[in-house]
Amino acid sequence: MISDIVRVRFAPSPTGYLHVGGLRTALYNYLFARHTSGKFILRIEDTDRARFVPGAVENLIDTLRWSGLTYDEGPDKDGGFGPYIQSERLEIYKEYTTRLINSGKAYYCFCTPERLKELRESQTEQKLQGKYDKHCLSLSADEIQNKLNNNIPHVVRLNVPANEIVTVHDIIRGTVEFDSNTVDDQVLLKSDGYPTYHLANVVDDHLMKITHVIRGEEWLPSTPKHVLLYNAFGWEIPEFAHLPLLLNPDKSKLSKRQGDVAVEDYRSKGFLKEALVNFVALLGWNAGDDREFYYLDELISGFSLERVNKSGAVFNIEKLNWLNFEHLRQKPVHEVISMLRTELKSSDFSSYEFPDNYLAQVIESMRERVSFVKELLTKSPYFFQLPAGYDEATLKKRWKEDSHLLLSKLRDNFVRLSDPTKEDFENSLHNTALENNVGNGKLIHPLRLAVSGMGEGPGVFDIVAILGKEETIKRIDKALSVLT
RNA sequence: GGCGCGUUCGUCUAGUGGCUUAGGACGCCGCCCUCUCAAGGCGGAGAUCACGGGUUCAAAUCCCGUACGCGCUACCA
């Protein structure tokens with residue numbers, strides 16, 4: 001037994017930002033760990049120096065933190081299995097590589113990139129599988145020592161045995177078999193002394209007592225190499241779960257060019273972490289019922305790897321929008337207020353002051369009309385400033401010949417109100433309509449236009465109640481002076 | 001080319017041999033509600049369950065084959 005508790009890890013490569021596919025992988029690892037009262041570990045796989053991006057690790061951690069997926073062990077949270085950054089574990093990989101070489105499971109390879117390239121080209125030409133030809137396996141001990149002494153650049157390769165069936169047990173896909181003859185002698189240690197993913201991942205998973213390897217489907221084809229490696233070391237093999245891919249609308253692997261893929265892109269567009277996490281969780285998993293709205297703790301209790309789908313899922317932004325709307329509706333007002341304040345700060349209305357109870361009313365009146373906090377500003381700017389103008393189409397439809405006269409009478413009645421409530425405004429308008437023998441609509445629509453400049457929005461009595469008597473009359477006066 | 005995985009409404013999916021005239025959700029359309037827009041309620045269009053064989057009294061569900069899609073095929077992860 002690898003460990004008496006579940007230990008899983010999210011092992012991203014810090015190439016700049018957290019990919020939404022990565023978020024989903026992290027989420028499933030997190031959910032599985034929390035569901036089973038296990039540990040969730042963050043490990044940084046930065047063994048490719050050519051792709052080093054400054055600040056990427058910090059960014060990754062920051063984004064993960066934003067999404068709410070807290071890890072138990074990681075670069076900044078030691079759990080006794082560190083370091084959790086692979087570039088800080090080079091000596092470990094070297095040591096284990098030596099073990100493999102000594103037992104004949106791995107060997108030095110001094111082939112130049114040029115020879116490798118030629119080999120590959122000729123294989124392609126003959127329509128053969130591209131595979132290393134074990135050329136350096138036949139080197140004598142003396143030859144090897146000699147080249148080593150002369151500092152000839154070299155790598156270390158896995159010595160894949162011929163004619164074996166390598167079996168991979170996958171929780172999601174069942175048993176998958178590979179013919180070892182189709183498995184390449186994978187490079188384990190690169191010439192710069194860094195390990196490749198394959199070596200580092202197996203060594204670390206073993207040393208960190210990882211019980212379940214939950215990762216993207218793109219890793220399935222290289223899993224036999226990992227199994228062979230575990231066997232070569234004589235280590236117990238963890239459980240595997242290869243997750244279906246997240247897809248572009250054209251069904252190819254989700255990538256940039258076809259839309260946003262970075263979690264921070266969605267974050268900056270105003271998507272709620274609750275919505276993004278909820279959405280991504282449903283891309284490949286469901287509880288077996290009709291439920292679609294979940295909070296993180298609810299996902300934890302319902303999650304199981306057995307219910308993860310096998311086929312890829314298109315990242316459908318429409319549904320994300322809907323979930324954002326649903327989550328925004330459920331959000332406590334005080335949280336929305338603080339988000340609104342952040343939006344206001346960077347808006348045209350940044351110079352105005354609005355008390356919390358005012359913003360709370362605005363939010364309540366607009367809640368069912370917006371999917372994003374920033375839409376509070378774009379869909380109802382009139383709560384933050386005087387109407388900039390009057391919508392043409394609405395004007396044409398709602399501003400009739402008698403509108404000016406009726407609105408001025410309504411104004412006079414509003415003036416007489418003392419500290420009016422929503423109902424007071426409503427009664428006053430009804431009475432005005434009665435006095436003038438017209439339907440309420442003849443007053444309601446011009447009033448809405450006058451105070452908001454638009455033809456849509458919350459109930460007009462809600463709007464005027466929120467704006468208050470003074471502001472309402474001011475706006476009516478302005479409309480009366482501008483519109484005829 | 002080789003290896004592997006996958007295939008139910010446009011999309012996310014339910015379905016684990018009879019309960020299925022294949023259910024739900026998003027999106028779309030219509031009606032109701034209504035001061036507008038939403039929300040909400042009701043309804044509609046939308047899937048010959050990739051195709052072809054088999055197994056079975058019975059298959060979207062099991063088996064085989066084919067097609068198509070995708071992934072991998074680096075001293076990248």
Side-chain angles (χ1 to χ4, degrees), chain A residues 11-15 45-51 109 111 113 116-117 120 123-131 153-157 168 170 172-173 176-179 181-184 186-198 200-201 215-224 242 244-245 247 249-253 279 282-293 309-323 325 329 366-370 379-380 394 397-398 426 429 439-445 447-449 452 454-461 463:
Chain A
S13 171
T15 51
E45 310 235 332
D46 59 343
T47 55
D48 184 3
R49 290 195 295 179
R51 294 211 294 175
C109 172
C111 289
L116 260 20
K117 188 168 175 247
R120 207 171 307 137
Q123 284 169 154
T124 308
E125 222 168 88
Q126 299 167 68
K127 302 210 168 194
L128 291 170
Q129 182 196 355
K131 236 179 98 177
H154 61 275
V155 300
V156 176
R157 287 180 183 274
V168 173
D170 189 283
I172 296 167
R173 285 152 218 285
V176 184
E177 292 186 335
F178 296 85
D179 180 343
N181 295 324
T182 67
V183 180
D184 198 5
Q186 186 64 51
V187 169
L188 264 21
L189 205 61
K190 300 183 251 184
S191 57
D192 62 3
Y194 278 67
T196 58
Y197 169 86
H198 310 284
N201 144 77
R215 78 230 302 189
E217 190 190 350
E218 69 268 29
W219 293 108
L220 189 54
S222 53
T223 308
H242 287 94
L245 260 22
L247 274 23
D250 72 354
K251 306 266 186 183
S252 59
K253 188 163 126 182
F279 174 63
L282 260 20
L283 251 28
W285 172 87
N286 72 83
D289 53 26
D290 288 339
R291 186 156 180 209
E292 306 218 70
F293 184 93
N309 293 146
K310 294 178 175 70
S311 50
V314 173
F315 192 93
N316 177 215
I317 199 89
E318 297 286 347
K319 199 149 187 172
L320 209 206
N321 286 335
W322 170 73
L323 271 172
F325 167 73
R329 280 179 80 174
M366 287 297 291
R367 249 187 209 283
E368 280 165 0
R369 283 164 254 264
V370 297
K379 289 195 169 180
S380 53
T394 311
K397 190 174 174 191
R398 307 291 190 188
E426 196 161 356
L429 184 138
N440 293 331
K442 296 289 275 180
L443 287 162
I444 283 175
H445 297 295
L447 174 60
R448 168 186 297 285
L449 196 54
S452 77
M454 306 183 156
E456 60 200 52
V460 73
F461 301 114
I463 298 178

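Letters A, B, ... mirror the listed sequences (proteins, then strands); counts begin at 1.
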key: Which residues share a ring pair (Phe, Tyr, Trp, His ring centres under 6.0 Å) with A/Y197, sequence neighbours left out   = A/W219, A/H226
request  = Assign A/V176 to base, sugar-phosphate, or nothing according to its heavy-atom contacts below 4.0 angstrom with the strands shown.
outcome  = sugar-phosphate
ask   = Looking at A/R369 and A/E456, does any basic side-chain N land under 4.0 Å from a carboxylate oxygen?
value = no
inquiry  = Under 3.5 Å for both donor-acceptor distances, Watson-Crick or wobble: does B/C26 have a partner, and if so which one?
reply    = B/G10
key: Contacts of A/T182 that satisfy side chain to side chain donor-acceptor pair (under 3.5 Å) - sequence neighbours left out   = none
query = Checking all strands, does A/P14 fall into the base, sugar-phosphate, or nothing category for heavy-atom contacts under 4.0 angstrom?
reply = nothing
A/K251 side-chain N/O to A/G312 backbone N/O, donor-acceptor pair under 3.5 Å = no
task = Looking at every strand, decide which applies to A/S311 at a 4.0 Å heavy-atom threshold: base, sugar-phosphate, or nothing.
result = sugar-phosphate
query = Touch check for A/G284, heavy atoms < 4.0 angstrom, all strands: base, sugar-phosphate only, or nothing?
reply = sugar-phosphate
Sugar-phosphate only, base, or nothing, as touched by A/F325 at under 4.0 Å among non-hydrogen atoms = sugar-phosphate
ask   = Considering every strand shown, what is the Watson-Crick or G-U wobble mate of B/C19 when both distances are under 3.5 Å?
value = none
inquiry  = Checking base pairs now: Watson-Crick or wobble, both atom distances under 3.5 Å. What partners B/G46?
reply    = none
query = What is the nucleic acid contact for A/V155, judged by heavy atoms within less than 4.0 Å: base, sugar-phosphate only, or nothing?
reply = base
ask   = Distance between the P atoms of B/G24 and B/A45, in whole angstroms?
value = 12 Å
task = For nucleotides B/G69 and B/C32, find the distance between their P atoms and express it as a whole number of Å.
result = 47 Å
query = Starting at the 5' end of RNA chain B and moving along, which residue's nearest nucleotide shows up first, A/V370 or A/D192?
reply = A/V370
query = Who are the side chain to side chain donor-acceptor pair (under 3.5 Å) partners of A/T394, not counting sequence neighbours?
reply = A/D391
ask   = Taking the P atom of each, how far is B/G44 from B/A59, in whole Å?
value = 29 Å
inquiry  = Please classify the nucleic acid contact of A/T15 as base, sugar-phosphate, or nothing, using heavy-atom distances under 4.0 Å.
reply    = nothing
message = At 4.0 Å (heavy atoms only), tell me whether A/P458 reaches a base, stays on the sugar-phosphate, or touches nothing.
response = base
message = I'd like to know if the side chain of A/K131 reaches the main chain of A/Q123, judged simply by a donor and an acceptor atom lying under 3.5 Å from each other, with no hydrogens or angles considered.
response = no
inquiry  = Here's a test of your reading of the structure: between A/W322 and A/S222, which maps to the more 5' nucleotide of RNA chain B?
reply    = A/W322
query = Taking any atom under 4.0 angstrom from a heavy atom of chain A, which nucleotides of RNA chain B are the first and last to qualify, 5' to 3'?
reply = B/G1 to B/A77
task = With heavy atoms under 4.0 Å as the rule, sort A/K127 into base, sugar-phosphate or nothing.
result = sugar-phosphate
inquiry  = If I pick the P atom on B/C37 and the same atom on B/C19, what distance separates them, to the nearest angstrom?
reply    = 44 Å
task = Determine the interatomic distance between C1' on B/U11 and the same-named atom on B/G27; round to the nearest Å.
result = 8 Å
A/D170 side chain to A/I172 backbone, donor-acceptor under 3.5 Å = yes
Test side chain to side chain donor-acceptor pair (under 3.5 Å) applied to A/N286 - qualifying residues, sequence neighbours left out = A/R307
request  = Could you give the distance separating B/C49 and B/U8 at their P atoms, to the nearest angstrom?
outcome  = 12 Å
note = Taking a pair to mean Watson-Crick or G-U wobble geometry with both distances below 3.5 Å, B/C3 pairs with B/G71
task = With sequence neighbours excluded, tell me which residues meet salt bridge (Lys or Arg N to Asp or Glu O under 4.0 Å) with A/D192.
result = A/R49
Sugar-phosphate, base or nothing in reach of A/R398, heavy atoms under 4.0 Å = sugar-phosphate
request  = Sort out the partner of B/C62 for me: Watson-Crick or G-U wobble, both distances under 3.5 Å, none otherwise.
outcome  = B/G54
Inter-nucleotide P distance (B/C26, B/C62), Å rounded = 30 Å
task = For A/F178, report the nucleic acid contact type (base, sugar-phosphate, nothing); a contact means any heavy atom under 4.0 Å.
result = sugar-phosphate
message = Over all strands shown, is A/N321 touching base, sugar-phosphate only, or nothing at heavy-atom distances under 4.0 angstrom?
response = nothing
query = On a whole-Å scale, what distance lies between the C1' atoms belonging to B/U56 and B/G18?
reply = 12 Å
ask   = At under 4.0 Å between heavy atoms, what does A/G455 touch on the DNA or RNA strands: base, sugar-phosphate, or nothing?
value = base
task = Could you tell me whether A/R173 contacts a base, only the sugar-phosphate backbone, or nothing, with contacts defined as non-hydrogen atoms closer than 4.0 Å?
result = sugar-phosphate
